[in-house]
Amino acid sequence: MKNSILVGFLLGILAPIAAFLLMRYTDVQMQVFPDKPTALYVIAAAINLVSCWICYKQERDKIGNGLVLATFVGMMILVLTKNIQIDM
(Lines give C-alpha, C1' and ligand atoms only; values in the text may rest on other atoms or scores of the structure.)
Protein backbone atom coordinates (compact mmCIF):
# COMPACT_ATOMS: atom_id res chain seq x y z
CA MET A 1 0.00 0.00 0.00
CA LYS A 2 1.29 3.43 -0.89
CA ASN A 3 2.52 5.48 2.06
CA SER A 4 0.63 8.75 1.59
CA ILE A 5 -1.52 11.07 3.65
CA LEU A 6 -4.41 10.75 1.17
CA VAL A 7 -4.51 6.95 1.57
CA GLY A 8 -4.47 7.37 5.36
CA PHE A 9 -7.24 9.96 5.22
CA LEU A 10 -9.40 7.76 2.98
CA LEU A 11 -8.85 4.78 5.30
CA GLY A 12 -9.55 7.03 8.27
CA ILE A 13 -12.96 8.15 7.09
CA LEU A 14 -14.25 4.58 6.80
CA ALA A 15 -14.92 4.08 10.53
CA PRO A 16 -16.68 7.45 11.03
CA ILE A 17 -18.83 6.86 7.95
CA ALA A 18 -19.76 3.41 9.25
CA ALA A 19 -20.64 4.96 12.63
CA PHE A 20 -22.77 7.60 10.92
CA LEU A 21 -24.61 5.01 8.85
CA LEU A 22 -25.23 2.86 11.94
CA MET A 23 -26.54 5.89 13.82
CA ARG A 24 -28.73 7.05 10.97
CA TYR A 25 -30.25 3.84 9.63
CA THR A 26 -30.23 1.33 12.52
CA ASP A 27 -31.20 1.15 16.18
CA VAL A 28 -27.80 -0.13 17.33
CA GLN A 29 -27.10 3.04 19.29
CA MET A 30 -30.32 2.83 21.30
CA GLN A 31 -29.95 -0.90 21.95
CA VAL A 32 -26.31 -0.98 22.99
CA PHE A 33 -25.64 2.53 24.38
CA PRO A 34 -29.03 4.08 25.22
CA ASP A 35 -27.61 6.82 27.46
CA LYS A 36 -24.51 7.66 25.40
CA PRO A 37 -25.52 9.41 22.16
CA THR A 38 -22.01 9.67 20.71
CA ALA A 39 -20.57 6.29 21.73
CA LEU A 40 -20.31 4.91 18.18
CA TYR A 41 -18.38 7.99 17.06
CA VAL A 42 -15.97 7.61 19.98
CA ILE A 43 -15.47 3.95 19.05
CA ALA A 44 -14.76 5.02 15.44
CA ALA A 45 -12.16 7.51 16.70
CA ALA A 46 -10.57 4.82 18.87
CA ILE A 47 -10.37 2.48 15.88
CA ASN A 48 -8.62 5.19 13.88
CA LEU A 49 -6.16 5.97 16.64
CA VAL A 50 -5.24 2.32 17.18
CA SER A 51 -4.79 1.98 13.41
CA CYS A 52 -2.59 5.06 13.50
CA TRP A 53 -0.45 3.55 16.24
CA ILE A 54 -0.06 0.37 14.18
CA CYS A 55 0.95 2.41 11.11
CA TYR A 56 3.58 4.29 13.11
CA LYS A 57 4.97 0.99 14.41
CA GLN A 58 5.27 -0.27 10.80
CA GLU A 59 6.98 2.98 9.73
CA ARG A 60 4.07 4.09 7.55
CA ASP A 61 4.05 7.54 9.09
CA LYS A 62 2.22 9.32 6.27
CA ILE A 63 -0.70 6.89 6.47
CA GLY A 64 -0.71 7.41 10.24
CA ASN A 65 -0.80 11.18 9.73
CA GLY A 66 -3.76 10.77 7.38
CA LEU A 67 -5.57 8.68 9.99
CA VAL A 68 -4.97 11.37 12.62
CA LEU A 69 -6.21 14.03 10.20
CA ALA A 70 -9.39 12.05 9.48
CA THR A 71 -9.98 11.50 13.20
CA PHE A 72 -9.47 15.18 13.98
CA VAL A 73 -11.75 16.34 11.15
CA GLY A 74 -14.42 13.80 12.14
CA MET A 75 -14.39 14.85 15.78
CA MET A 76 -14.55 18.54 14.83
CA ILE A 77 -17.60 17.83 12.66
CA LEU A 78 -19.14 15.91 15.56
CA VAL A 79 -18.55 18.76 18.00
CA LEU A 80 -19.93 21.35 15.59
CA THR A 81 -23.04 19.37 14.64
CA LYS A 82 -24.07 17.78 17.95
CA ASN A 83 -25.23 19.54 21.06
CA ILE A 84 -22.73 18.01 23.42
CA GLN A 85 -22.99 19.05 27.03
CA ILE A 86 -20.38 18.20 29.60
CA ASP A 87 -21.84 17.93 33.08
CA MET A 88 -19.48 18.31 35.99
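Numbers here simply count residues along the sequence, with the first being 1.
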Hey, what do you get for NZ (Lys36) to CE (Met30), rounding to the nearest 0.5 Å?
12.5 Å
Are Phe72 and Ile77 connected, step by step, through hydrophobic side chains (Ile, Leu, Val, Met, Phe, Trp, Tyr) whose heavy atoms are closer than 4.5 Å?
no
Examine Phe20 and Val73 and state if one hydrophobic cluster contains both, with Ile, Leu, Val, Met, Phe, Trp and Tyr joined whenever side-chain heavy atoms are less than 4.5 Å apart.
yes
Could you grab the distance from atom SG of Cys52 to atom NZ of Lys57, nearest 0.5 Å is fine?
12.5 Å
Can you tell me how far OG of Ser51 sits from CG of Leu14, rounded to the nearest 0.5 angstrom?
10.0 Å
Please tell me whether Ile54 and Ile63 are part of a single hydrophobic cluster in this structure, the criterion being side-chain heavy atoms less than 4.5 Å apart.
no
Quick one: which residue pairs count as a side chain to side chain donor-acceptor pair (under 3.5 Å) with a foot in residues 13-29, not counting sequence neighbours?
none
Only distances under 3.5 Å count here; give the side-chain donor-acceptor pairs of residues 41-49 to other protein atoms, sequence neighbours excluded, each with its distance to 0.1 Å.
| residue | atom | partner | partner atom | Å |
| --- | --- | --- | --- | --- |
| Asn48 | ND2 | Gly12 | O | 2.7 |
| Asn48 | ND2 | Thr71 | OG1 | 3.2 |

If I take atom CE from residue Met76 and atom OG1 from residue Thr81, how far apart are they, to the nearest 0.5 angstrom?
10.5 Å
Determine, using the 4.5 Å side-chain heavy-atom cutoff (strictly less than), whether Ile17 and Leu69 are members of one ILVMFWY cluster.
yes
Without swapping roles, check the side chain of Asn3 against the backbone of Lys62 for a donor-acceptor pair under 3.5 Å.
yes
In one Ile/Leu/Val/Met/Phe/Trp/Tyr side-chain cluster, 4.5 Å: Leu21, Phe33
yes
Heavy-atom closest pair, residues Tyr56 and Asp61:
CE2-O, 3.5 Å
Say you draw a straight line from CG of Leu67 to CD1 of Ile13; how long is it, rounded to the nearest 0.5 Å?
11.0 Å
